[in-house]
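Chain letters run A, B, ... following the sequence lines, proteins first, then strands; residues in each count from 1.
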Number of protein chains: 2
Amino acid sequence: MSLRIALLGTLASKGPASGYELAKTFDDVINQVWQAKHSQIYPELAKMVESGAVTVEETGGGRGRKVYTITEAGRTEIDAWVAHPEPHRAVRNETALRAFLLPLLPPDRAAATMRGLAERHAALLDDLLKDRAAIEARGASGEPPFGGYALDLGIRTFTVLRDWARETAEDLERRAAENGGKGR
Amino acid sequence: MSLRIALLGTLASKGPASGYELAKTFDDVINQVWQAKHSQIYPELAKMVESGAVTVEETGGGRGRKVYTITEAGRTEIDAWVAHPEPHRAVRNETALRAFLLPLLPPDRAAATMRGLAERHAALLDDLLKDRAAIEARGASGEPPFGGYALDLGIRTFTVLRDWARETAEDLERRAAENGGKGR
DNA sequence: CATAACATGTAACTGGTTACATGATTGG
DNA sequence: CCAATCATGTAACCAGTTACATGTTATG
């Protein structure tokens, strides 16, 4: 379902596009939020044509390029989906699972793992902060920035992840020091 | 892969259990972090027996109860997985996708959506805070709490989500007021 | 004896990934 | 003419969900 919405949203915000172009977009912009391979996108586009959410037009270009345009019905679908978040989606979070199982490692190894995680999250956070700085530098301020709310959410999320990993590492190091590295 | 680790982790921390009991555990404790239905658990246990990560023992009890015990090989697997987080897992985040598409809604509807989201996250956060309070009340303090790091991460995450939704709603409301509810 | 809780499994389907397959156009 | 890029599709497979199917033991 969400892939469908992500595709419709891209068509709504960027205008008509081919499957190839949509796949490219999923490699950069939306990548922080959702991704899909072309092998999933092409069949999905076919389904959307069938249900009337988009229309196709065949044009020239390598091996029969097809351009898809969102319809009013498609826009209505996005609207309904964005405005009506379902109550409680299944959580399947590898970082949280790692956090859960952390006490199964000896504290010093667990601490080292968290140090590494903190560093990686710090690096990802830096990337996002640079993205935002670049957008702010060239964009006229005051605009309702497309993707801006998602970027903000990403920055906040990585900040929390970095700090949590850092402080968990400190806690584990304190415990390791207290009882001389006993674990499990 | 992660389901396998989640099962091994549960067996490591809680001791031998049947598939039925593991399915129950996935309904409560680990539920915040990972979940699985019995229809996925039973085949996975069979695979783990085959690869030597666990051993089975058939006992009495409704329709041939089978009890699974983790082996040293299984413990090694957990250890390796927890300590070696892979660089960059695929992100597929419905909340972030919604955030991304928010500017496609008229600002007043977008703001209302974010208000609702903030409320739901606030409620989930309250639940987790109560969980932690209950654990702290009855548990001897100073213990390395099993699942405690994951709980901490959950609390921080929902706090960020609540605040982000709240502040995004405020931003959208300000914009809606400024230009009289024009959108899209 | 009926019902709830215990207990294990299979089948059909959806969503997503990896790999396979093909062909057109553009630039060096 | 060769390589890169544009461009679209299919097949096999893995993970996860829903629904189907079956049988046991304890309790009122």
Protein-nucleotides 12-14 of chain C N/O pairs closer than 3.5 Å?
none

**Asked** At under 4.0 Å, does any side-chain N or O of Arg4(A) touch on OP1 or OP2 of dG16(C)?
**Response** no
**Item:** Along DNA chain C (nearest heavy atom to each residue), the more 5'-positioned of His38(B) and Lys37(A)
**Value:** His38(B)
When you get a sec, tell me which of [options] is the closest nucleotide to the side chain of [X]?
X        : options                  : answer
Tyr42(A) : dA19(D), dG9(D), dG16(D) : dG9(D)
Arg65(A) : dG9(D), dA7(D), dT17(C)  : dA7(D)
Lys24(B) : dC6(C), dC6(D), dG15(C)  : dC6(C)

**Request:** Output every pair passing side chain to side chain donor-acceptor pair (under 3.5 Å) with a member in residues 5-16 of chain A, not counting sequence neighbours, ordered by first then second residue.
**Result:** none
**Asked** So, Arg174(A) and Asp171(A), do they make that salt bridge, N to O below 4.0 Å?
**Response** yes
**Request:** Flag the pair Lys130(A) and Asp126(A) as a salt bridge only when some basic side-chain nitrogen lies within less than 4.0 angstrom of an acidic carboxylate oxygen.
**Result:** no
Specify the separation, in whole Å, of atom [atom1] of [X] and atom [atom2] of [N].
X        : N       : atom1 : atom2 : value
Met48(B) : dA15(D) : CE    : P     : 12 Å
Leu45(B) : dA7(C)  : CG    : P     : 14 Å
Ile41(B) : dG16(D) : CD1   : P     : 11 Å
Leu97(B) : dG15(C) : CG    : P     : 15 Å
Asn93(B) : dG16(C) : CG    : C1'   : 17 Å
Leu7(A)  : dG16(C) : CG    : P     : 10 Å
Gln40(A) : dT10(D) : CD    : C1'   : 14 Å
Glu44(A) : dG9(D)  : CD    : C1'   : 15 Å

**Fill in**
Sorted by number, residues from residues 10-22 of chain B placing a heavy atom under 4.0 Å from DNA chain C are Ser18(B), Gly19(B), Tyr20(B)
**Fill in**
To the nearest 0.5 Å, atom CZ of Arg120(A) lies from atom CG of Leu161(A) at 10.5 Å
**Asked** Is the closest side-chain heavy-atom distance between Val160(B) and Arg156(B) below 4.5 Å?
**Response** no
For residues 91-99 of chain B, which side-chain donor-acceptor pairs fall under 3.5 Å, sequence neighbours excluded?
residue, atom, partner, partner atom, Å
Arg92(B), NH2, Gln35(A), O, 2.9
Arg92(B), NH2, Gln35(A), OE1, 2.9
Asn93(B), OD1, Thr95(B), N, 3.0
Asn93(B), OD1, Ala96(B), N, 3.1
Glu94(B), OE2, Ser2(A), OG, 3.0
Glu94(B), OE2, Arg89(A), NE, 3.3
Arg98(B), NE, Trp81(A), O, 3.2
Arg98(B), NE, Val82(A), O, 3.3
Arg98(B), NH2, Trp81(A), O, 3.1

**Request:** Name the nucleic acid region contacted by Ser39(B), choosing base, sugar-phosphate or nothing; use a 4.0 angstrom heavy-atom cut-off, strictly under.
**Result:** base
**Message:** Tell me every residue that passes side chain to side chain contact (heavy atoms under 4.5 Å, CB included) with Thr71(B), counting only those two or more places apart in sequence or in another chain.
**Reply:** Thr55(B), Ala73(B)
**Asked** What heavy-atom pair brings Asp108(B) and Ala176(B) nearest, and what distance separates the two atoms?
**Response** N-CB, 4.3 Å
**Request:** Give me the other members of the hydrophobic cluster that Tyr42(A) sits in, counting Ile, Leu, Val, Met, Phe, Trp and Tyr linked by side-chain heavy atoms under 4.5 Å, directly or via other members.
**Result:** Tyr20(A)
